[in-house]
Amino acid sequence: MLFSRMLIPTLKEDPAEAEAVSHKLLLRAGMIRKLASGIYNYLPLGLRVLRKVERLVREEMNRAGAQEVLLPAVQPGELWQESGRWQIYGKELLRFKDRHGRDCCFGPTHEEVITDLVRREVHSYRQLPLNLYQIQMKFRDEMRPRFGLIRGREFLMKDGYSFHASEADAETCYQDMYDAYNRIFQRCGLRFKVVEADSGPIGGSFSHEFMVLAETGEDVLASCLACDYAANLEKAEVVLAAANPGAAPATAAPEEVHTPEVRTVEEVAAFLNVSTADIVKTLIYETENGPVALLIRGDHEVNEVKVKNLLRVTDLTLAGAGRVRELTGAEVGFAGPVDLNLPIYADQAVAAMAAAVTGANKTDHHLVRVHPARDFQVTQTADLRTVTAQDRCPRCGGELTLLRGIEVGHIFKLGTKYSQALKAVFLDEAGQEQLIFMGCYGIGVSRIVAAAIEQGNDDQGMIFPMALAPFQVGLIPISLNDAATREKALELHAAMEAAGLEVLFDDRDERPGVKFKDCDLLGLPVRVVLGPKTLAKGMAEVRQRRSGETVMVPLEGLLSHLQEIIRQEMD
RNA sequence: CGGGACGUGGCGCAGUCUGGUCAGCGCGCUUGCCUUGGGCGCAAGAGGCCCCCGGUUCAAAUCCGGGCGUCCCGACCA
């Protein structure tokens with residue numbers, strides 16, 4: 001491929017609009033251009049990378065026995081009303097009406113559509129299992145698109161759905177997908193970690209996310225240094241460091257103390273000269289089932305996902321100042337569980353406290369020496385907080401570390417949520433009607449492109465793994481005015497293409513420095529430079545982008561040398 | 001949806017506070033010469049409704065009001 005014939009508008013400077021490395025580099029390399037917030041054009045080079053990922057995903061999905069389909073991007077609102085998600089989904093779902101005034105939406109995901117297809121076509125256990133996937137543009141009207149391709153509104157996704165006659169069969173398939181995903185991300189050359197994830201109020205006993213490790217990742221995961229336990233922070237379980245529930249040394253009754261203008265945990269700790277771990281913070285939340293109070297130790301953070309799961313609610317928001325006054329009789333900062341007329345849910349660490357500091361439900365006052373069992377009753381005690389690096393692994397007791405990651409894949413067992421809502425049933429061997437068991441498996445294809453760049457870059461630009469690079473080789477002639485160099489370069493270019501190498505021949509009338517810079521920026525794994533000096537010796541210079549390793553290779557052996565490098569890198 | 005910032009040739013920015021030789025710089029682009037191993041040099045050019053609408057003023061890129069757009073932080077995210 002000739003550089004001069006391709007649209008590759010590289011930029012010398014970082015665009016003002018980009019913050020994340022991958023975003024900056026994608027723009028600088030001329031791979032994408034923004035059309036609107038969270039919506040991008042893929043230019044030829046960017047599309048090549050995207051297609052590489054796509055092809056790889058397709059290969060592994062097919063190998064795992066899944067079949068490719070293509071479902072519509074625009075979906076009828078009716079289907080979403082039927083599943084109940086028309087109401088639940090919120091503003092992320094882009095809705096509009098067609099010319100007849102019928103509700104439509106641009107698909108953010110395709111459970112409804114695929115389930116509808118299957119319920120129409122599948123009626124017998126003989127047709128199961130079935131594993132269908134597609135690679136398609138999704139649209140989610142994110143309130144805050146960011147970081148270029150990492151969180152766009154329109155993005156390319158591989159979404160797969162499997163259908164089974166039994167739960168056991170669904171689990172087998174889940175495992176197959178788990179393995180396929182591992183192969184996919186390995187082949188993409190990514191450093192990633194598989195974590196246990198929250199499956200949401202949908203239920204389902206398991207769910208895993210595939211996280212590409214990167215400082216800029218939006219997700220935080222807890223990973224055990226000793227065993228292979230890893231979980232999304234919103235899912236990671238907390239184990240009590242030391243069981244201490246029965247302890248009841250609180251001989252003295254709670255005492256009210258005057259704490260003017262002392263609201264936050266830090267202020268209370270400083271004012272009363274206690275540790276933040278001696279304080280209980282009482283958080284008032286609103287839910288669709290009414291307000292609740294949550295008790296969390298002062299040095300801990302509430303985990304709203306855990307709370308939602310425990311309470312089986314989907315709306316969970318901190319109550320406003322007015323509501324707090326109404327419900328506790330005090331300003332924000334002085335709520336406490338004693339004599340509080342609300343359902344109270346306590347984190348397990350709170351239940352183990354012997355003499356806590358709490359709000360007094362009276363502005364500018366706190367209570368000290370509060371004893372959980374003695375001084376107030378809780379509705380339920382549970383694990384409600386977010387783990388920290390100080391916590392121990394829930395599996396082996398080992399040390400935990402917190403890492404950041406970019407979620408590129410998510411698999412989970414759906415169970416019968418959609419088959420129930422949309423009445424997708426089959427007849428079993430006994431002629432009995434049964435609900436189809438489902439699984440659901442997603443991969444952020446365009447996000448992988450960004451994630452790979454987040455992991456592979458230096459101050460000169462991108463560093464692509466061979467499998468994802470837009471071209472495997474960059475061929476740079478030092479001077480096109482030198483007839484011998486030009487001839488030889490053209491000849492080599494033709495030979496490489498004939499041998500099936502993906503090569504970008506920089507035939508532009510530019511100085512060598514410009515070509516080197518661009519070649520580095522684009523992250524092409526191998527660079528071949530040909531100039532009058534090397535040519536005189538019958539050699540070409542071969543440099544690897546990642547290592548910077550440069551060797552002189554005789555022209556006659558060049559092709560096989562390159563093929564060898566590529567073969568090694570593709571493993 | 002809260003908080004913050006920004007919007008000036010294709011890109012990156014200065015100018016705005018203090019209204020008037022203020023439409024400017026670097027890169028890119030065009031033409032010519034020169035040059036050819038890390039964004040080379042010289043010369044001559046093209047290119048801007050200063051985001052939009054309204055207001056104040058003799059006069060607005062600059063001041064005021066209202067929009068729109070973009071980015072960042074947070075909340076949110078099957």
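Since this is a predicted model, take the numbers as computed values, not measurements. Per chain, numbering begins at 1; letters A, B, ... match sequence-line order.
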Quick note, A/Met157 side chain, CB onward, closest among B/rA78, B/rU36, B/rC72 is B/rA78

Is it possible for you to check whether A/Arg527 lies under 6.0 Å from the centre of the six-membered ring of A/Phe516, through NZ or CZ, and within 45° of that ring's axis? yes

Does either side chain, that of A/Tyr285 or that of A/Arg323, offer a donor lying less than 3.5 Å from an acceptor on the other one? no

Pair A/Tyr161-A/Asp159, side-chain donor/acceptor within less than 3.5 Å: yes

Touch check for A/Lys515, heavy atoms < 4.0 angstrom, all strands: base, sugar-phosphate only, or nothing? nothing

Between the side-chain atoms of A/Asp14 and the base atoms of B/rG12, is any donor-acceptor pair under 3.5 Å? no

Closest to the 5' end of RNA chain B, once A/Ala20 and A/Pro15 are matched to their nearest nucleotides, is A/Pro15

Identified pairing partner of B/rC13, criterion: Watson-Crick or G-U wobble below 3.5 Å: B/rG24

Just checking A/Glu304: base, sugar-phosphate only, or nothing, at a heavy-atom cut-off of under 4.0 Å? sugar-phosphate

Taking the six-membered ring for Trp, are the ring centroids of A/Phe210 and A/His208 within less than 6.0 Å of each other? no

Heavy atoms of other groups near A/Glu487 CD, more than 12 under 6.0 Å: yes

Assign A/Lys24 to base, sugar-phosphate, or nothing according to its heavy-atom contacts below 4.0 angstrom with the strands shown. nothing

Is A/Lys413 close enough to B/rA78 that one of its side-chain N or O atoms is under 4.0 Å from OP1 or OP2 there? no

d(CG, A/Leu93; P, B/rA78) in whole Å: 12 Å

With C1' as the reference atom in both, quote the distance from B/rC63 to B/rG4 in angstrom, rounded to an integer. 23 Å

In whole angstroms, the gap separating P of B/rC40 from NZ of A/Lys517 amounts to 10 Å

Distance check needed: B/rC11 P versus A/Leu43 CG, whole Å only. 14 Å

Strictly below 4.0 Å: does A/Arg146 bring a side-chain N or O up to OP1 or OP2 of B/rC73? yes

With distance as the sole test, does A/Lys413 use its side chain to make a donor-acceptor pair with the main-chain N or O of A/Met438 at under 3.5 Å? no

Complementary nucleotide for B/rC77 - Watson-Crick or wobble, under 3.5 Å: none

Is the cationic atom of A/Arg95 (NZ for Lys, CZ for Arg) positioned less than 6.0 Å from the six-membered ring centroid of A/Trp86 and within 45 degrees of its normal? yes

Earlier contact from the 5' end, RNA chain B, for A/Lys34 and A/Lys308: A/Lys34

Using atom C1' of each nucleotide, how far apart are B/rU56 and B/rG66 to the nearest Å? 15 Å

Using a cut-off of 4.0 Å on non-hydrogen atoms, how would the nucleic acid contact of A/Glu13 be classed: base, sugar-phosphate, or nothing? base

Write down the distance between CG (A/Leu233) and P (B/rC77), rounded to a whole number of angstrom. 15 Å

Quick one: label A/Arg28 by what it contacts on the DNA or RNA (base, sugar-phosphate, nothing), any heavy atom closer than 4.0 Å. base

Atom-to-atom span, CD1 of A/Ile88 to C1' of B/rC77 - whole angstrom: 15 Å

Could you check which nucleotide pairs with B/rA59 in any of the strands shown, counting Watson-Crick or G-U wobble with both distances under 3.5 Å? none

Ignoring backbone atoms, establish whether A/Ser37 has a side-chain N or O less than 4.0 Å from OP1 or OP2 of B/rC71. yes

Using atom types as modelled and distance alone, determine if a side-chain donor or acceptor of A/Arg404 lies under 3.5 Å from a backbone N or O of A/Gly217. yes

Shortest side-chain distance from A/Phe412, nucleotide among B/rA78, B/rU35, B/rG37: B/rA78

When the C1' atoms of B/rA5 and B/rC77 are compared, how many Å lie between them, rounded to an integer? 25 Å

Any strand, both distances under 3.5 Å, Watson-Crick or G-U wobble: B/rG54 pairs with B/rC64

What is the distance, to the nearest angstrom, from the CG atom on A/Leu11 to the C1' atom on B/rC13? 14 Å

Contact class for A/Thr534 vs. all strands (heavy atom < 4.0 Å): base, sugar-phosphate, or nothing? base

Could you state the CD-C1' distance from A/Glu19 to B/rC71, rounded to the nearest angstrom? 8 Å

Taken to the nearest whole Å, CZ/A/Arg151 to P/B/rC71 is 14 Å

Which nucleotide in the list B/rG12, B/rC1, B/rG37 gets nearest to the side chain of A/Ala16? B/rG12

Give me the distance, rounded to whole Å, that separates B/rG24 from B/rG47 when you measure between the C1' atoms they each carry. 14 Å

Considering only the P atoms, how many Å lie between B/rG41 and B/rG28, rounded to the nearest integer? 9 Å

Mind checking who B/rC29 pairs with, Watson-Crick or G-U wobble, both distances under 3.5 Å? B/rG45

Distance, C1' atom - from B/rG20 to B/rG67, rounded to whole angstrom: 29 Å

Can you tell me which nucleotide in B/rG37, B/rG28, B/rA75 comes closest to the side chain of A/Phe516? B/rG37

Of all the choices, B/rA78, B/rC77, B/rC72, which nucleotide is nearest to the side chain of A/Arg144 once you look at every atom? B/rC72

B/rC52 to B/rU8 separation - P atoms, rounded to the nearest Å: 10 Å

Measuring to OP1 and OP2 of B/rG28, would you say a side-chain N or O of A/Lys12 lies under 4.0 angstrom away? yes

With no hydrogens and no angle check, do the side chains of A/Glu301 and A/Thr386 hold a donor and an acceptor under 3.5 Å apart? no

Among the nucleotides B/rU35, B/rG38, B/rC71, whichever has the atom closest to the side chain of A/Asn481 is B/rU35

Please measure how far the C1' atom in B/rA61 lies from the corresponding atom in B/rC50, and state the result in whole Å. 4 Å

Have a look at A/Ile478 and say if it touches a base, only the backbone sugar-phosphate, or nothing, with a 4.0 Å heavy-atom cut-off. base

Tell me what A/Arg527 touches on the nucleic acid: a base, only sugar-phosphate, or nothing, going by heavy atoms under 4.0 Å. base

